[in-house]
Amino acid sequence: MWKACRQTSSPETVLNKVQANQEEERLNRELQLTTQERNELTDRLLCVTGGSMNKSPYFRPNPFYEKLKIKEKEVMSLLHNLNTNNIEHREKFQELNKEINFYRNLHS
C-alpha cells in the first residue's frame, strides 16, 4: 500500500523564508529612507540652484517653490510697471521744467 507522502517544510527552509522576508523588509525600509533622502537633497539642491534642475528627469516640483516663483513674477511685473511709470513721469517733469524755465525767461 502506498502511503501518501506529505511534504513538510524542513526547519531550515522555514528559517530561510523568515530570513528572506526579514531581509526584504530591511531592504524596503532602506529603499524608502534612501528615496526620502534623495528627495530632500533634490529639494535642497533646487533651493540652492534656483530651480535650474527643471530639466532633470527626477525633478519633483516643490509646491512652496512654485508659489514663490509665481509671487516673484507678480512682484517683478509690478516693479516693471513702476519703473515704466517712473520713466514717463520723469519725462513729463522734465518737459514741465523746460516749459517753466521758458516762461520765466520770457517774463524776465
Side-chain angles (χ1 to χ4, degrees):
M1 215 169 180
W2 289 91
K3 282 189 171 181
C5 280
R6 190 171 161 218
Q7 292 184 355
T8 58
S9 297
S10 67
E12 185 176 312
T13 305
V14 171
L15 186 59
N16 284 340
K17 286 181 182 179
V18 168
Q19 287 175 337
N21 286 340
Q22 289 174 344
E23 181 67 9
E24 183 182 4
E25 288 175 13
R26 184 188 70 77
L27 290 172
N28 280 333
R29 281 193 306 273
E30 190 174 320
L31 179 62
Q32 287 174 343
L33 289 173
T34 303
T35 302
Q36 181 181 354
E37 183 180 3
R38 183 207 63 206
N39 291 342
E40 289 171 357
L41 289 172
T42 300
D43 289 345
R44 212 180 298 166
L45 184 60
L46 285 172
C47 287
V48 170
T49 60
S52 63
M53 285 188 52
N54 292 352
K55 295 175 181 81
S56 167
Y58 304 107
F59 175 69
R60 192 171 52 96
N62 181 337
F64 297 113
Y65 179 76
E66 296 301 317
K67 286 180 182 177
L68 187 61
K69 286 298 279 186
I70 291 170
K71 201 63 164 170
E72 179 196 22
K73 285 182 182 181
E74 291 173 359
V75 168
M76 293 306 287
S77 174
L78 180 63
L79 181 62
H80 175 74
N81 291 340
L82 288 173
N83 281 334
T84 303
N85 287 342
N86 187 25
I87 291 170
E88 290 173 7
H89 290 297
R90 197 173 337 136
E91 289 172 354
K92 287 179 183 178
F93 180 75
Q94 288 174 349
E95 288 175 21
L96 289 173
N97 270 337
K98 287 178 184 178
E99 194 172 332
I100 289 171
N101 286 334
F102 174 77
Y103 285 111
R104 280 186 184 157
N105 290 335
L106 198 77
H107 293 296
S108 324

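Since this is a predicted model, take the numbers as computed values, not measurements. By convention here, the first residue in the shown sequence is residue 1.
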Distance, nearest 0.5 Å, that separates [atom1] of [X] from [atom2] of [Y]:
{"X": "Glu24", "Y": "Lys17", "atom1": "CD", "atom2": "NZ", "answer": "13.5 Å"}
{"X": "Glu23", "Y": "Arg26", "atom1": "CD", "atom2": "CZ", "answer": "4.0 Å"}
{"X": "Tyr65", "Y": "Ile70", "atom1": "OH", "atom2": "CD1", "answer": "11.5 Å"}
{"X": "Leu96", "Y": "Glu91", "atom1": "CG", "atom2": "CD", "answer": "12.0 Å"}
{"X": "Glu99", "Y": "Phe102", "atom1": "CD", "atom2": "CZ", "answer": "9.0 Å"}
{"X": "Asp43", "Y": "Phe64", "atom1": "CG", "atom2": "CZ", "answer": "10.5 Å"}

Under 3.5 Å donor-acceptor, Thr35 side chain and Leu31 backbone:
yes
Using only atom types and a distance under 3.5 Å, with no angle test, would you say the side chain of Asn86 pairs donor to acceptor with the backbone of Leu82?
no
4.5 Å side-chain heavy-atom contact, Thr34 and Arg38:
no
Within 6.0 angstrom of Arg104 CZ, more than 12 heavy atoms from elsewhere:
no
What I want to find out is whether [X] reaches [Y] closely enough, with some N-O distance under 4.0 Å, to be called a salt bridge.
{"X": "Glu95", "Y": "Lys98", "answer": "no"}
{"X": "Glu72", "Y": "Lys69", "answer": "yes"}
{"X": "Lys71", "Y": "Glu74", "answer": "yes"}
{"X": "Arg44", "Y": "Glu40", "answer": "no"}

